[in-house]
Number of protein chains: 2
Amino acid sequence: MKRNTWQREAVRGALDANDGFVSAQALHSALHATGSPIGLATVYRALADLAVKGDADSLQSPEGESLYRACSTNLHHHHLICRNCGLTVEIEADAVERWAKDVAAQNGFTQAAHVVDVFGLCAACTAKAAASA
Amino acid sequence: MKRNTWQREAVRGALDANDGFVSAQALHSALHATGSPIGLATVYRALADLAVKGDADSLQSPEGESLYRACSTNLHHHHLICRNCGLTVEIEADAVERWAKDVAAQNGFTQAAHVVDVFGLCAACTAKAAASA
DNA sequence: GGGTTACTTGAGAAGTGTTCTCGATCACGT
DNA sequence: ACGTGATCGAGAACACTTCTCAAGTAACCC
């Protein structure tokens with residue numbers, strides 16, 4: 001049996017309200033800030049569930065934190081992420097998909113999964129950085 | 001000033017002796033197994049140094065551990081990694097490099113870095129898995 | 001070689017992010 | 001409304017990594 005609890009809804013809502021990738025801890029803080037007494041463990045559980053169900057994407061930041069995001073599609077895709085403000089653009093990468101599959105096959109590898117993410121500075125943050133430099 | 005200590009040599013040697021990516025902890029255990037009384041903190045420090053100097057590549061496993069490997073080239077390249085035995089193949093990916101740069105530029109992103117790694121089962125492990133299934 | 005200096009080491013403490021434990025709680029089917 | 005078992009939450013437990021600091025020692029100078 002699978003229950004619907006306000007906690008799960010709250011996590012999903014907080015995720016939807018966020019444009020970029022957020023860490024579990026950030027999400028927990030955000031929820032607390034709105035007065036929700038949800039527990040940290042529950043946030044982790046809810047995020048893991050969402051990720052498994054395909055309702056959320058997860059990736060590891062370069063710093064090793066797990067970040068989550070509610071993506072607009074369940075289809076396989078990748079991300080272009082601003083390392084300053086977290087702005088995220090979903091990108092398709094048929095070429096990369098093919099390349100990953102080919103290179104795996106050429107080396108006798110099976111069950112190939114791939115990690116492909118691009119981190120950079122978005123236009124706004126680039127401008128800001130230039131102005132302050 | 002930068003000193004040469006047997007500890008640093010030991011870490012570099014252990015890394016060279018290993019074909020695939022290894023975790024700092026695994027390297028520490030391996031060194032201890034050979035009788036070396038090197039400390040864990042020192043292994044971490046040595047690995048970080050090697051990574052900075054470009055003598056080792058580092059990446060994060062899907063489980064969140066930091067893995068290190070002595071690569072045959074200092075040039076930018078990517079990896080095809082067996083998630084079972086750790087066997088690693090260095091792969092070039094000019095097409096992916098271009099794609100990453102293009103997609104970043106198209107979205108106004110600058111200072112684009114990318115994470116591109118392919119995890120799979122190597123031929124040997126695929127055969128083993130099939131045999132045991 | 002002996003002395004000096006300051007980089008390096010190592011054991012353990014501390015820090016960080018995540019998962020687990022377990023009694024209390026509460027959603028859901030009846 | 002009731003019973004059941006999934007879910008919650010606080011804190012403990014964990015795993016990995018980094019920090020602290022006294023002791024050790026490589027490199028330089030003479």
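Below, read A as the first sequence line, B as the second, and so on, with proteins coming before strands; counting in each chain starts at 1. Bear in mind that the values here come from a model prediction, so they are computed numbers and not experimental data.
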With a 3.5 Å cut-off and just heavy-atom distances, do the side chain of A:R45 and the base of C:dT19 make a donor-acceptor pair? no
Is A:R83 paired with A:E63 through a side-chain N to carboxylate O contact shorter than 4.0 Å? no
Of the nucleotides [options], which has the atom closest to the [X] side chain?
X     : options               : result
B:T5  : D:dT17, C:dT8, D:dG9  : C:dT8
B:R3  : D:dC8, D:dT25, D:dC16 : D:dT25
B:N4  : C:dG10, D:dC8, D:dA27 : D:dA27
A:A41 : C:dT9, D:dC8, D:dA10  : D:dA10
A:K2  : D:dT7, D:dT17, C:dG10 : D:dT7

N or O in side chain of [X] less than 4.0 angstrom from [N] OP1/OP2:
X     : N      : value
A:Q25 : C:dT18 : yes
A:R8  : D:dC8  : yes
A:Y44 : C:dT18 : yes

Has A:D19 got more than 12 heavy atoms of other residues, nucleotides or ligands less than 6.0 Å from its CG? no
Tell me what B:S23 touches on the nucleic acid: a base, only sugar-phosphate, or nothing, going by heavy atoms under 4.0 Å. nothing
Would a 4.5 Å heavy-atom cut-off, applied to side chains only, mark B:R12 and B:D16 as touching? yes
Closest-nucleotide 5' rank along DNA chain D - winner of A:V43 and B:S66: A:V43
